[in-house]
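So you know, we letter chains A, B, ... as the sequences are listed, proteins then strands, and number each from 1.
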2 protein chains.
Amino acid sequence: MNKHGEAIARFAKHKSTHGLKSSDKRSFVVDHFIQADRHFTVEELYFEVKKLRPEISYSTVYRALKLLAKCGLASESMFGETVSRYEPVHSSAHHDHLVCNKCGRIIEFENDKIEKLQKDVARNYDFLVSAHRLELYGLCKKCRRKKAL
Amino acid sequence: MNKHGEAIARFAKHKSTHGLKSSDKRSFVVDHFIQADRHFTVEELYFEVKKLRPEISYSTVYRALKLLAKCGLASESMFGETVSRYEPVHSSAHHDHLVCNKCGRIIEFENDKIEKLQKDVARNYDFLVSAHRLELYGLCKKCRRKKAL
DNA sequence: TATGAAATTGCAATTCATTTTCATAATTGT
DNA sequence: ACAATTATGAAAATGAATTGCAATTTCATA
């Protein structure tokens with residue numbers, strides 16, 4: 001089963017174990033989020049969905065994202081903005097982010113060495129880590145070029 | 001000159017270069033923040049200040065913190081909460097954080113190796129870094145113990 | 001010391017994203 | 001089809017951040 005299929009299945013399972021009912025609209029939002037496979041604010045996802053299904057409300061999108069977060073298919077974070085972003089959670093390794101202050105692009109990266117050093121730090125402080133975030137803010141490749149012109 | 005003296009001086013300089021006037025109330029807030037030398041939300045600082053100087057309003061505290069942030073003596077961040085926190089900026093090297101999810105304690109640490117690896121990552125993506133944040137969330141030493149009981 | 005332009009303050013009002021409420025509609029098990 | 005429960009949309013509520021404005025204070029200059 002592909003990655004998206006897994007996610008869909010996981011959502012279905014969450015529904016059945018939590019006594020949720022099916023809904024066309026919610027399914028549409030969930031599928032769209034999973035297919036798109038990128039970061040969204042509630043508003044961004046809402047506007048994309050609205051183009052295709054204008055009858056779907058902000059509330060439904062909002063609640064769908066919350067639900068995705070609950071069943072572990074999306075994670076919520078702030079990226080230094082005042083709005084929350086939801087990003088798809090992949091079964092793969094944890095990743096960190098490069099956030100472009102100019103165009104807003106978010107680039108994911110993984111770095112095992114950094115992960116390991118983080119564990120070392122935690123051990124030094126006798127700290128039990130359950131989650132972490134690492135974000136580098138600045139200018140992405142494209143925006144550096146633009147700036148140079 | 002000690003660390004606090006430096007900060008006070010820097011604030012005074014910012015005032016003079018920006019045509020700001022002196023004010024007892026603002027000075028009190030600023031001094032308290034600098035002396036305390038720890039993380040605050042606006043509300044937390046407001047309540048502490050209010051105990052000693054009840055006539056000082058929330059607005060004044062709010063604006064004082066904004067001002068401190070502008071002149072580089074405080075930095076604003078979210079630490080996964082819905083409220084902003086202001087932390088004193090030390091002239092020393094950049095530091096990262098361990099955030100205890102239980103008691104809210106925030107521990108600072110520095111790690112040059114991690115900093116260096118971050119630069120490597122950025123270089124790989126042709127990304128120009130202007131700021132970064134690294135936070136490890138979990139349980140601090142004390143809370144781990146409590147949990148064990 | 002008196003003056004006036006400019007900054008500061010407190011309070012209330014606004015903004016803005018998030019979250020909840022509630023009446024109505026849709027879904028599911030019997 | 002019925003009853004019970006969940007989902008939905010629109011509007012209202014919430015919560016923190018921010019601003020507008022009138023009153024007050026500061027400070028350089030007269």
> Pick one: which of Thr41(A), Val29(A), Thr60(A), Val42(A) meets side chain to side chain contact (heavy atoms under 4.5 Å, CB included) with Leu65(A)?
Replying inline: Val42(A)

> Looking at Arg38(B), His39(B), Arg85(B), which hits side-chain hydrogen bond (donor to acceptor under 3.5 Å, both in side chains) with Glu44(B)?
Replying inline: Arg85(B)

>> Whole angstroms only, please: what is the CD-C1' distance between Glu55(A) and dA25(C)?
In response: 14 Å

>> How many whole angstroms separate atom CD of Glu81(A) from atom P of dT18(C)?
In response: 10 Å

> Any N or O donor-acceptor pair linking the side chain of Ser57(B) to the base of dC11(C) at under 3.5 Å?
Replying inline: no

>> Which nucleotide, if any, forms a Watson-Crick or G-U wobble pair with dA30(D), using both distances under 3.5 Å?
In response: dT1(C)

>> Mind checking if Glu43(B) touches a base, just sugar-phosphate, or nothing, with heavy atoms under 4.0 Å?
In response: nothing

> Mapping Leu67(B) and Lys66(A) onto DNA chain C by nearest heavy atom, which one lands closer to the 5' end?
Replying inline: Leu67(B)

> Where the side chain of Glu76(B) is defined as all heavy atoms beyond and including C-beta, which of dA17(C), dT8(D), dT18(D) is the nearest nucleotide?
Replying inline: dT18(D)

> OP1 or OP2 of dC27(D) less than 4.0 angstrom from a side-chain nitrogen or oxygen of Ser22(B), does that happen here?
Replying inline: yes

>> Checking contacts here: which listed nucleotide (dT8(C), dT19(C), dG10(C)) is nearest the side-chain heavy atoms of Thr60(B)?
In response: dG10(C)

> To the nearest Å, how far apart are Leu65(A) CG and dT19(C) C1'?
Replying inline: 14 Å

>> Exactly one of Phe33(A), Tyr58(A), Phe40(A) should register a ring-ring contact (aromatic ring centres under 6.0 Å, His included) with Tyr46(A). Which one does?
In response: Tyr58(A)

> Rounded to whole angstrom units, what separation is found between the NZ atom of Lys15(B) and the C1' atom of dA6(C)?
Replying inline: 15 Å

> Whole-Å distance between dA11(D) C1' and Tyr62(A) OH?
Replying inline: 15 Å

>> In this structure, how many angstroms lie between the P atom of dA16(D) and the CZ atom of Arg63(B), rounded?
In response: 19 Å

> Quick one: on DNA chain D, does Val61(A) or Gly19(A) contact a more 5' nucleotide (nearest heavy atom)?
Replying inline: Gly19(A)

>> Within the 4.0 Å heavy-atom criterion, would you say Ser59(A) contacts the bases, only the backbone, or no part of the nucleic acid?
In response: base

> Contact class for Ser84(A) (heavy atom, under 4.0 Å): base, sugar-phosphate, or nothing?
Replying inline: sugar-phosphate

>> I'd like to know if Lys21(B) reaches the base of dA6(C) with its side chain such that a donor and an acceptor end up less than 3.5 angstrom apart.
In response: yes

>> The side chain of Val83(B) is closest to which nucleotide in this list: dT6(D), dA16(D), dG10(C)?
In response: dA16(D)

>> Does dA17(C) have OP1 or OP2 under 4.0 Å away from a side-chain N or O of Tyr58(A)?
In response: no

> In whole Å, what is the span from the CZ atom of Arg26(B) to the C1' atom of dA7(C)?
Replying inline: 8 Å

> Atom OH of Tyr46(B) to atom P of dA16(D): distance rounded to whole Å?
Replying inline: 14 Å

> Are Ile56(A) and Leu68(A) linked, directly or through other ILVMFWY residues, by side chains that come within less than 4.5 angstrom of each other?
Replying inline: yes

> Would you call the rings of His97(B) and His95(B) parallel, tilted or perpendicular, where under 30° means parallel and over 60° means perpendicular?
Replying inline: perpendicular

> Does the Arg26(B) side chain pair with the main chain of Lys21(B), one donor and one acceptor, at a distance under 3.5 Å?
Replying inline: yes

> Quick one: on DNA chain C, does Thr82(B) or His18(B) contact a more 5' nucleotide (nearest heavy atom)?
Replying inline: His18(B)

